[in-house]
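First comes the structure, then the notes that go with it.
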Amino acid sequence: MDEKRGPNFSWLVKMAWRDSRRNRSRLFLFVSSIILGIAAMVAIYSLGDNMSEEVDRQAASLLGADLMIGSGKQVSPAIQKMVDSLGDRRSEQRMFPSMIYFSKTNKTRLVQVRALGGEFPYYGALETVPSSAGKTFRNGQAALVDQTMMLQYDAKVGDSIKIGNVSFVVAGTLINAPGQTGLSASVAPPVYIPLQYLEQTGLSQKGSRIVTQFFFKFDEPVNMEKLVDDIEPRLDIEGMSYETVETQKQNTARSLEDLTDFLSLVSFIALLLGCVGVASAIHIYVREKIKSVAILRCLGAKGRQAFLIYLIQIVVVGFIGSLAGAALGTIIQQFLPIAFKDFLPIKVTAEFSWSAIGQGLLLGIVISFLFALAPLVSIRKISPLNTLRLSFQRFSLFKDPVKWLVYLAIIGFIWAFCYLQIKEVQESIGFSIVIVIAFLILVGSAALLMWTVRRFFPNRWNYLWRQGLANLYRPNNQTTILIVAIGLGTAIICTLFSIRAILLNRIQLTAQGNRSNTILFDIQPQQKDSVIALAKQFNLPVEGTVPVVNMRLEKVNNITGEVLRKDSTIKMRRGLFDREYRVTFRDSLISSEKITKGRWSGKREGPSGTVFISLDENYATNNSIKIGDTLTFNVQGAVISTIVGSFRKVDWGRVQTNFLVLFPTGVLEEAPMFHVLVTRIESKDVSARLQQQMVQRFPNVTIIDLSAVLNIVSNIIDKVGFIIRFMAAFSIFTGLIVLIASVMISKYQRIQESVLLRTIGASRKQIFYITALEYFFLGALAAATGMFLSLGISFLVAKFMFETEFILKWVPLLIVFVSVCFLTVFIGLINSRAVVTRPPLEILREEV
Amino acid sequence: MATILNIQNLSKTYQSAGRTLTVLENINFSVEAGSTMAIVGPSGSGKTTLLGLAAGLDRSTTGSVELNNIKLDQLNEDQRASIRNQHVGFIFQSFQLLPTLTALENIMVPLELRGEKNIKPRAVDLLRKVGLGDRGHHYPAQLSGGEQQRVSMARAFINKPQILFTDEPTGNLDAETSRGIVELIFNLNKEAGTTLIMVTHDLELANQTGRIIKLKGGRIVSDETTANSN
Ligand SMILES: Nc1ncnc2c1ncn2[C@@H]1O[C@H](COP(=O)(O)OP(=O)(O)OP(=O)(O)O)[C@@H](O)[C@H]1O
Ligand SMILES: [Mg+2]
């Protein structure tokens, strides 16, 4: 017998094509659920490509110069000398937070002042209205003010603002500056003033937190790498940093990559949801094909051949679905730069990206292949006996080792995808586990529902209710897939609502009761008493002021910032040495802190005694600092060696003068310092009046009131939330499509039953009720499961990410619940209408 | 004459709900190539089961089935599929056409599975023989029951099987159509020497074959040659 002879591959393709002729619309229904997922992917990938191209193109104008050198402290003469020798043209910018005062409206606001000297930016421009203002404001006593703030404070070009002791004319509205994003501008709206007026404002005193930046332009091409290598050691010593066009480009590219990675992870959820839809649709499809496969087997087809016929079908439709997804994604991509504009430091125009489209197509094919494989491998095992006795054979999913391999491959694929986005082994494993667990919970609750309904079936209920319930577990039900699709969609929406509520609550909590809600910073020692007196005039509760000394950490034992940079085995965060520490000193603890380890002795033993400091426990453990370690600080030139004497647990949730590092008394009394005053202001009106007077009399004092912080935070949450909602929309719509598709697929299965019901005398109305009830049960359970899942997630997020109280807002959840139920019933009914309203015979003929 | 089918000590049991159900017990018979035979018996006596085992659609619990001197029990499912494709034809009571293929395509499948070329003229020819020359492009759903049965016959004939199994091929059809179909089947036996094994309730039809095996409760209760044997 000639074993080798047999049909070739082209016959399999031919059979796949023949077989598809009568199923095509349904096959497309299967893949429709991945279209949105692929579209989201392609859109995000394209955006990523567009952005990295733009970053390359706009690299110079991101920085605005060839080289920037920055410092968070007073510039030493040595550095000043070096600065003066660098580049062909130079600009200097000093940035610091300060209050500004709008003279016309009598309002005040915390802003970021940028005192600018020179022609910066050399590349790109300060975008302003009128456009000339970006250059001309430097010539007079004029300022550029952030556009959003101009709108909020009802200010116009030509108005007068006061910063410190100096009044400026608003020369123009600032639209954009190099490297700026909408988000950063809304946190600290920038105001540009000419550098030559900085001295007069009186805001440049010692102790103020001023960041100095020097920008350089080289007219002749220079070897920047070599130049930077040359100056880096000198900058390191002074704790200064630099940025070149190249480093700026890399940093920007990296953070944009992080953004697209995050977005593609979110889109991946939509894609996975679609895949589950595909898998379950194909599962139903395979069941319908049992007879055909059995006949083929009878006629001599091998199991593998029968399997390949259907695999080819699915992969081809998967490809077509991915093409549709890629096309849709390219359309969506056009809108992304608008949607994301607040997050992007560059202007992005949507351009066609072949590589993004290629990746999307590849992903679509791989994923439809993998997820179709799980139900399709059963085909190999369909016995020809099914020609004699249909459904003699039950699919025993768990006996086929290939099936387990497929599941493993799917999980492996999910992990590999996550890894490609996150690029961290552990985190990507964590993410995949969360995804798999969420799916398992949903699948599990579907199984539980079916079991419970069957086990405790309410036999005494009225017939329609019983029939609707029974539909949940009868053969070929869609309970599992619908619960996964609807549940996941609901979980995403509810989690967004909950986290928003948790964050806002956390801030609002701080304003409740008798807690402080206003902080006054930067009070100079000589102003201290008059500021307290002014606060008392307003009848505010004041318990004196707290001294704050700025310092830098130079060494932990023998480890310096430089050592840490070079040795990646040291488990300390990089920011440890780069940040500025605001430190206070007192001899006792306050109510928001508690010693957890070691001993706190509020006083230094004599002028040369050891200085025992106390650290925030989390901060210390995160940086592997232990009790007894030696920490060397630099207080504006003076070096102080300290020993870690104790750890404290600090309740950061309260507006208090809380500090990471606490010094004992007897050390810092003579250091340059400023004071902080914390108080509680009951009314907005009082707060506004206090701020006006403070700004008028003590323009250097910075005032933060909680309502302003609340505004900023809710602003950020809204902007971030918009992005997440935008991305979640893909999951939600995919859920809807899966819902529609699975309802439509099962339509074919319902015909028999519905025709039978009608033949034995059920009215249309009764069938309508049965269907409505079934979808109500489904929608309600899925939504409930999704909600509980989201509560779990938000609880974990609240507890571990934000370390705050978990709160529950029922109203939005209830609204989501009701809408999801309604939508499910609505879609279910619309799709089932054909079954109910058309004559049975017509449908029966159509079915074959 | 050569033996084409040899069944020895065949039995089949099913396990269901913890109990063992014996459907066939100790079946022995062999069939000469080119002969005709009927299997009769009351409903549930195991006729379809026996046919399925003889054709290699299923595995026996004990005993052996030898088709064309090949022991089916020792082959795996794919090897048995290939045997069916080479030597065996089927006509089922309920036609079993592939619903997504046209009549003509249905007929071609067995030869396509063999990888043969130029089969369309043969399929068209066979279709004409069964009287459906102009219905080749119709899907099964567009044909009547009798027409579907004729298509399934054409499909059974196209690979020139050495042995043809039929399970109540006329069960669903009127007397007139049945006669035509039976005639076609016996013609094949006469012209190509195909061995016929038919399961039937129709005693008149059984009597047209050369041998009748009667099953009852999974056992052979009689095995008689008829006047037609020669
Ligand atoms: N998979 C199975 N599991 C349990 N019992 C089975 C199975 N398949 C068949 N049977 C039983 O085996 C017996 C024989 O079935 P079979 O189909 O061979 O009968 P038959 O003689 O063809 O009947 P009919 O004339 O009604 O077609 C029946 O009692 C049937 O219920
Ligand atoms: Mg039978």
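In what follows, chains are A, B, ... by sequence order, proteins preceding strands, each numbered from 1. Since the structure is predicted, the reported quantities are computational estimates derived from the model, not experimental observations.
For chain A, the nearby part of L97(B) is the backbone; its heavy atoms alone come within less than 4.5 Å. Contact of L12(A) with chain B is not made at all, since no heavy-atom distance falls under 4.5 Å.
For the pair R297(A)/E77(B), a side-chain contact is recorded, criterion being any heavy-atom separation below 4.5 Å from C-beta on. The shortest side-chain heavy-atom distance between K291(A) and P99(B) does not fall under the 4.5 Å cut-off. Side-chain contact check for Q305(A) versus L113(B): some heavy-atom pair is nearer than 4.5 Å.
More than 12 heavy atoms of other residues, nucleotides or ligands shown are found within 6.0 angstrom of CZ on R24(A). At most 12 heavy atoms of other shown residues, nucleotides or ligands fall within 6.0 angstrom of atom CZ in R219(B). Other residues, nucleotides and ligands contribute at most 12 non-hydrogen atoms within 6.0 Å of the CG atom of N118(B).
Rounding to the nearest 0.5 Å gives a distance of 4.5 Å between CE of M108(B) and CZ of R18(A). Annotation: the span from N85(B) atom CG to L299(A) atom CG amounts to 7.5 Å, rounded to 0.5 Å. C298(A) SG to R80(B) CZ: the interatomic distance, rounded to the nearest 0.5 Å, is 11.5 Å. Separation of atoms NZ (K14(A)) and CD (E105(B)) is listed at 8.5 Å; rounding is to 0.5 Å.
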Donor-acceptor contacts, no H, no angles, side chain residues 63-72 of chain B, under 3.5 Å, sequence neighbours left out:
residue, atom, partner, partner atom, Å
E66(B), OE2, K71(B), NZ, 2.9
N68(B), ND2, Q162(B), OE1, 2.8

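Here the side chain of D78(B) pairs a donor or acceptor atom with the backbone of G303(A) at under 3.5 angstrom.
Applying the side-chain hydrogen bond (donor to acceptor under 3.5 Å, both in side chains) test to every pair with at least one member in residues 150-159 of chain B, sequence neighbours left out, gives these pairs: Q149(B)-S152(B).
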TODO: Would you check, one step at a time, whether the test side-chain contact (heavy atoms from CB on, under 4.5 Å) holds for F92(B) with I295(A)?
DONE: CA-CA 10 Å; F92(B) 302 93; I295(A) 296 171; 5.8 Å; no
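The heavy-atom pair separating T100(B) from R21(A) by the smallest distance is O-NH2, 3.2 Å.
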